[in-house]
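Here's the structure, in structure tokens; my notes come after.
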Protein chains: 2
Amino acid sequence: MLNSSEKVNLSHIVSERIKEYILEKDMREGDKLPSEKQLIDALGVSRTVVREALKSMEMLGIVKIKTGDGIYVGGPSLKPILEQVSFRWHQDERKMTELVKTRRILELGAVEMAIENYDVACLDRMDEWNRRMAEKVDQGLPPIEEDLAFHETLFRATGNETYLELSGLISDFFLKIRTQHFDSVESSRKSVDEHQNVIDAIRAKDVARAKREMEIHLAPLQKFI
Amino acid sequence: MLNSSEKVNLSHIVSERIKEYILEKDMREGDKLPSEKQLIDALGVSRTVVREALKSMEMLGIVKIKTGDGIYVGGPSLKPILEQVSFRWHQDERKMTELVKTRRILELGAVEMAIENYDVACLDRMDEWNRRMAEKVDQGLPPIEEDLAFHETLFRATGNETYLELSGLISDFFLKIRTQHFDSVESSRKSVDEHQNVIDAIRAKDVARAKREMEIHLAPLQKFI
DNA sequence: GCTTCGCCGTTGGTCAGACCACTATAAACA
DNA sequence: TGTTTATAGTGGTCTGACCAACGGCGAAGC
């Protein structure tokens, strides 16, 4: 890896070394890494290099730096990374269309996985969020958080954290957009019913029907774009 | 953004500023950013901070630093990031399972989108990659790059860049695993046939059949875990 | 006139040392 | 025993210096 014929920075080499270290020691989330000083001595490089390597790794979520305390191994979460990258997505109109289509695939996949996993607690929570959503609608308020929470809980019901993170990123993106145009009361009420249909179908473990209901629910979004 | 009541690093603030700058100026890949010196003067922080921010962004692929030249806006590719993060995924048995299941959803979604989009050029390229894959297999070599290229081209055939990136994030990871255990010649040959079946089904615009063929193709992976 | 070569300014890469801010820990205290 | 305080260690930021790579420009050569 650190062979010649490679004109890379020291920072890159150092971050590779630290990653190797994590693997060799089989460290997990929360484990404490050597301090900056120790890394400097062990690797024989300047503090600048070690710090730049660590800062990069921190932004990737690989490590977590705590001031005055030390450096810890971070979780395997995708979120910090995707957040860093998605900041440019709204540049493109086209990107929006793509996001809608991508979301469709993810939501349909989610109902399938949710049925396979069948987490009763999550299904109950989906009921709860839908109930609260109905309340908000009755009060004439836009049920944005509730709607989002419903879908997030669905992704959580898959029991697949990777999938949850991946989907969460896409869904979060829609929240920002929806804050501007609140849907009408009628369409919100319709959404509540559609949510209920999805839940019912999942409870019945009917994959085809659940997908159909979700498809119906998402159809207006497709047209909107 | 840089209000008080937020105990974040200067580096974070600076990298946010630079991202804002990219958005405000509507900069695209390859555009040149201000030099370190200019950023230092404009933001009123030390070189250390600016450099740490830039280094982090470089590792995320947001910018590309060229020694002796300057700083450029990077592409929207998720690849560089994936490499930085996925190095620990295989530690987790569960993460592996999640990845396999997630990939299944994404691949099935891809064939559906590919049929909807129907990009002949991409389909031809899938044929081409599959042909090269067959050649490699005949030579007794592991057709890793070709296999990966085939699937990537499938994702590209969706005409959906977002989906391509999202999927690339997941499926690239499987390459590294496969580099270790090369599949047997028989299983590779089987893969080639399965790929062909997928292509045929897409060309026939038969969504159900294409999904079925893809499901068959991915089945061994599910069991492997 | 055109090309080639080499100088030099700019830019990023690395280093060393200093000082500040924060945290955990342990010693001193009530 | 429980609280407060002192302290040592850690990361955060700054400065100034030197090195290495690149680009541009002018001089030399064709």
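Source: prediction; values computed, not measured. Worth knowing before you read on, the calculation uses all heavy atoms, side chains too, and leaves out hydrogens, waters and symmetry mates. Throughout, protein chains are lettered first and strands after them, A, B, ... in sequence-line order, and every chain is numbered starting at 1.
- Tyr163(B) pairs by the ring pair (Phe, Tyr, Trp, His ring centres under 6.0 Å) definition with nothing, not counting sequence neighbours.
- Listed by chain and residue number, Asp69(B) satisfy the salt bridge (Lys or Arg N to Asp or Glu O under 4.0 Å) test with Lys32(B) (two or more places apart in sequence, or in another chain).
- Remark: Glu135(A) pairs with Arg131(A) by the side-chain hydrogen bond (donor to acceptor under 3.5 Å, both in side chains) rule, at least two apart or across chains.
- In this structure, NZ of Lys64(B) is placed 12 Å from P of dC22(D), rounded to the nearest angstrom.
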Across nucleotides 6-20 of chain C, 5' to 3', mark each nucleotide with B, S or - according to how protein heavy atoms within less than 4.0 Å reach it. -----BBBBB--B--
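- The distance from atom CG of Leu39(A) to atom P of dG9(D) is 17 Å, rounded to the nearest whole Å.
- Pairs of residues two or more places apart, or lying in two chains, that qualify as salt bridge (Lys or Arg N to Asp or Glu O under 4.0 Å) and include a residue from residues 114-123 of chain A are Glu116(A)-Lys101(B).
- For His12(B), there are no ring pair (Phe, Tyr, Trp, His ring centres under 6.0 Å) partners, not counting sequence neighbours.
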